[in-house]
2 protein chains.
Amino acid sequence: MIEKFRELVKKKNRIFANLELIQWDLETKTPIKSKPYLAELVGELSMQEYDLFTSDEFVNLVETLNKEKNNLSEIEKKEIELSMEEIEKKKKIPADEYEAYAKLTSINQGIWEEARAKNDFSIVKDNLEKIFNYNKKFAEYRRKDEKNLYDVLLNDYEKGMDIEKLDIFFNELKKEIVPFLKKIQEKKKSLKEENKLNVPVDEDIQMKFAKYLAAYVGFDFEKGLVETSEHPFTLNLNKNDVRLTTNNKRNIPFSTVFSIIHEAGHGIYEQQTADNLIDTLLGAGGSMGLHESQSRFMENIVGRNRAFWKPLYKKAMGFYPFLKDIDFEEFIKQINKIEPELIRTEADELTYSLHIMIRYEIEKMIFAGKVSIDDLPKIWNQKMIEYLGIEPKNNSEGLMQDVHWYCGLIGYFPSYAIGNAYASQIYNTMKKDFDIEKALENQELNKITDWLGEKIHKYGKLKDTPEIIKEVTGEELNPKYYIDYLKEKYSKIYEI
Amino acid sequence: MIEKFRELVKKKNRIFANLELIQWDLETKTPIKSKPYLAELVGELSMQEYDLFTSDEFVNLVETLNKEKNNLSEIEKKEIELSMEEIEKKKKIPADEYEAYAKLTSINQGIWEEARAKNDFSIVKDNLEKIFNYNKKFAEYRRKDEKNLYDVLLNDYEKGMDIEKLDIFFNELKKEIVPFLKKIQEKKKSLKEENKLNVPVDEDIQMKFAKYLAAYVGFDFEKGLVETSEHPFTLNLNKNDVRLTTNNKRNIPFSTVFSIIHEAGHGIYEQQTADNLIDTLLGAGGSMGLHESQSRFMENIVGRNRAFWKPLYKKAMGFYPFLKDIDFEEFIKQINKIEPELIRTEADELTYSLHIMIRYEIEKMIFAGKVSIDDLPKIWNQKMIEYLGIEPKNNSEGLMQDVHWYCGLIGYFPSYAIGNAYASQIYNTMKKDFDIEKALENQELNKITDWLGEKIHKYGKLKDTPEIIKEVTGEELNPKYYIDYLKEKYSKIYEI
């Protein structure tokens with residue numbers, strides 16, 4: 001019986017890998033006139049995957065194996081547990097609604113693109129409302145003992161997460177970071193900060209540097225590759241085929257630098273999952289929050305670290321010759337500049353989580369029925385002023401900047417902030433084991449990636465995130481480390 | 001009933017497109033450690049395609065529709081005809097032998113690569129013998145009224161082709177071209193021919209020029225793209241997604257120029273098949289020979305034409321600045337130089353077909369049982385000396401240079417030579433309709449591609465090659481035009 005289970009899991013994984021490959025092509029290569037056809041293929045394969053997972057054969061198998069759990073290996077036990085959860089999630093939603101929603105969200109990405117390009121929220125408003133309503137409805141179908149309806153979704157992306165925990169987390173952040181940011185902004189007024197890094201560099205050169213950096217931090221090109229796409233992302237067929245993208249903007253050559261280090265963080269995670277998880281349901285990174293902690297760790301704690309650049313700066317000049325005119329200490333300041341931005345993905349380390357907080361608060365309000373979709377533009381802008389002190393000129397750089405909601409990813413945003421917090425918490429533990437800055441100066445990046453591999457990556461989905469965080473750091477999610485890290489780092493940089 | 005047929009054809013086309021996409025990835029991108037997994041996926045999808053085509057459902061459907069042919073449209077009729085042929089071909093081979101052979105040829109590509117790299121024919125010899133034996137056996141299963149066993153295979157790649165016709169064709173070629181080549185070689189001794197074009201150019205620049213040229217000759221980037229791979233090729237998911245590759249060799253910057261023009265010839269053919277053939281079995285280029293005629297037409301008759309480069313030469317200097325030091329007339333001579341090469345894919349226009357003749361003669365001998373696999377290295381080298389006047393130093397640059405035989409493509413080579421002949425025959429007809437050289441000078445490439453689209457491309461597989469050639473040129477395959485074209489062109493260039 002377990003053999004049959006293995007066979008179906010393998011089959012599911014192959015459909016998944018095939019799907020990922022087509023998605024990869026769609027995002028990086030597909031000629032414009034071929035996109036509808038490939039999108040159709042994606043739809044078809046997605047339904048194949050869904051059908052397999054909800055088939056009587058698979059469901060019966062899982063239920064029977066679940067009764068005989070004691071005869072199973074640790075890996076198999078976890079696979080059955082996750083399968084039970086997944087089946088329940090899918091089975092509670094009527095198949096016709098599931099399919100209608102899948103179609104809606106897949107076509108809506110294109111509609112969102114149009115709406116954003118035309119800066120016209122009315123084009124996509126009705127669909128956004130439908131998407132939120134579907135999500136509420138599905139959450140109602142699935143709700144068990146969750147206190148709030150929204151908790152059902154939060155739990156999808158971060159097991160065990162709920163409004164209660166997130167409110168504590170974000171309130172702490174708001175209390176500490178918002179006033180701290182105001183202080184920095186005051187200080188900034190008396191400083192003459194120029195941007196010295198936005199010097200044009202040929203995209204081909206940027207790409208070469210990006211690949212160099214990915215390899216430098218430990219991404220294995222025998223098991224992965226790097227390409228370009230509109231928005232950077234990481235995708236994996238399996239641990240031996242992990243694909244990153246970056247976006248080389250001619251006039252902002254450091255954009256690609258930090259985005260590739262970020263994506264490499266995701267990529268190394270996937271590549272370092274244990275070999276014996278291949279062909280199981282566990283052979284990929286854990287929750288979104290944990291995944292994001294790995295990319296943010298790499299991007300910020302490693303990539304914006306003085307010690308990281310010290311042995312690398314001369315090499316960097318080979319790719320970006322204009323650096324020759326920038327003093328090293330000045331460079332470190334430049335890459336750690338605080339500058340509230342309208343666009344989340346371009347935000348600095350300090351303000352990043354405030355962007356997430358805005359989205360979290362809005363999602364919560366919508367789920368509590370406290371706000372209508374019509375009011376969103378106004379609310380969005382108010383919160384931007386309140387937390388970041390800047391106001392979007394229009395909905396394209398405001399409410400419509402992120403695709404997430406428009407393709408159905410609701411309850412997903414908090415993981416980004418949680419990821420940042422986990423990263424600092426992990427950093428705090430790692431520091432006790434060895435001198436991280438010294439390892440960076442000695443170009444021993446593997447000390448860091450080995451540590452992460454051993455304590456986090458190798459487990460894939462074998463352990464849940466709260467379990468891993470507890471084991472590694474000795475405590476649950478605690479925003480203290482994140483706040484301390486930010487305040488310490490930026491007090492020093494801005495001398496406040 | 002026809003609806004059901006349409007549905008299954010669509011399904012088959014989708015499996016095919018998916019397969020092509022994975023193949024594309026394997027040849028251009030796939031990380032080394034992911035290749036076995038993706039190769040497995042290819043195997044699986046190939047069997048899905050095979051199963052669908054040989055399923056009782058499909059076979060019964062086709063047979064029933066075949067009896068009611070008169071109620072079908074022209075397109076449907078042709079689809080049923082091709083399906084009947086394809087089913088017969090597949091059904092006559094026992095399923096277990098079909099699968100064993102498929103596995104053998106798919107693993108053997110890797111073995112051939114190893115053997116060639118190590119220059120050790122013994123590594124791959126037994127498999128090559130097996131592959132030839134399978135092909136003989138399958139041809140015997142399938143043989144109907146063909147005079148020779150080998151004719152069964154020839155007919156697979158070029159309908160209506162057989163030894164009788166090919167012998168006439170190649171004898172004519174041998175009689176005319178071999179002594180003509182000897183004359184040129186004599187003449188060359190008194191000339192001081194230098195190679196002025198092998199000047200290093202950055203690969204990125206080469207790629208930009210390659211894309212420029214593909215678009216220049218008419219390849220539509222909204223329905224296609226260009227990448228790099230070890231060996232240039234063209235592949236299509238359907239007419240809206242046609243993918244070319246080239247290979248940018250730093251020290252041979254004109255290698256990519258002619259290979260991209262060649263592949264664009266294939267690509268434009270695919271892109272210009274009629275829209276109403278989409279989702280049918282006819283929406284792709286015709287026979288191999290006809291396909292090759294289009295790429296060779298573009299590469300040689302267009303791409304090596306003085307008139308083609310006249311308005312383009314200055315533009316070319318922008319990409320390849322070293323051209324500024326080369327006089328235009330000298331450049332034209334350089335790109336039309338005759339120089340017998342050991343490697344077919346690097347051969348000039350005149351000697352190219354002699355490489356094919358060697359392979360044809362060897363295939364014929366093997367099928368007639370006149371030679372053993374052990375003798376091939378010797379025979380290969382003898383023929384090289386006889387026809388081209390040069391001798392391979394080892395089997396890697398001799399018998400093992402081409403992958404075709406090692407992955408089961410037997411009977412395929414003659415199409416390349418037939419394609420060259422068709423190209424000249426088509427050129428001869430086109431000339432009567434308009435002044436080709438004038439069109440090239442005026443940068444009206446579309447005059448040529450429109451003509452080809454209207455007379456050849458739009459039909460896809462709706463018409464067989466002999467039918468198209470007869471309709472377009474007024475006669476059957478006739479090597480005269482090819483021989484005349486070559487002798488006229490190169491007599492002028494070498495003043496003999």
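Labels below follow one simple rule: chain letters A, B, ... track the order of the sequence lines, proteins then strands, and each chain is numbered from 1.
Considering all non-hydrogen atoms of both residues, Pro31(A) and Lys223(B) come closest at CB-C, 3.8 Å.
A 6.0 Å sphere centred on NZ of Lys11(B) holds no more than 12 heavy atoms belonging to other residues, nucleotides or ligands. Taking a 6.0 Å sphere around CD1 of Ile107(A), one finds it holds more than 12 heavy atoms contributed by other residues, nucleotides or ligands.
How far CG of Asn18(B) is from CG of Asn18(A): 4.0 Å, rounded to the nearest 0.5 Å. Asp25(B) contributes atom CG, which lies 10.5 Å from atom NZ of Lys29(A) (distance to the nearest 0.5 angstrom). The line from OG of Ser34(A) to NZ of Lys239(B) is 12.5 Å long, rounded to the nearest 0.5 Å. Considering CG of Asp204(A) and CE of Met207(B), their distance stands at 11.0 Å, rounded to 0.5 Å.
With a threshold of 4.5 angstrom between heavy atoms, Lys208(B) approaches chain A through side-chain atoms but not through N, CA, C or O.
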Return a table of donor-acceptor pairs under 3.5 angstrom between the side chains of residues 276-286 of chain A and protein atoms on other chains or two or more places apart.
residue   : atom : partner   : partner atom : Å
Thr280(A) : OG1  : Leu277(A) : O            : 2.6
Thr280(A) : OG1  : Leu282(A) : N            : 2.9

When the side chains of residues 231-238 of chain A are checked against the rest of the protein, which donor-acceptor pairs come out under 3.5 Å, sequence neighbours left out?
residue   : atom : partner   : partner atom : Å
Thr234(A) : OG1  : Glu263(A) : O            : 3.3
Thr234(A) : OG1  : Glu263(A) : OE1          : 2.7
Asn236(A) : ND2  : Glu270(A) : OE1          : 3.0
Asn238(A) : OD1  : Asn240(A) : N            : 2.8
Asn238(A) : OD1  : Asp241(A) : N            : 3.4

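His457(B) meets the ring-ring contact (aromatic ring centres under 6.0 Å, His included) test with Tyr269(B); sequence neighbours excluded.
Residues of residues 40-52 of chain B having a heavy atom under 4.5 Å from any heavy atom of chain A, listed by number: Glu40(B), Leu41(B), Glu44(B), Leu45(B).
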Exercise for the section: For the pair Tyr37(B) and Asn13(A), evaluate side-chain contact (heavy atoms from CB on, under 4.5 Å) and give the outcome as yes or no after the intermediate values. Expected result: CA-CA 11 Å; Tyr37(B) 191 81; Asn13(A) 285 346; 4.2 Å; yes
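Comparing Arg243(A), Glu227(A), Lys35(A) by heavy-atom pairs within less than 4.5 Å of chain B, the highest count is held by Arg243(A).
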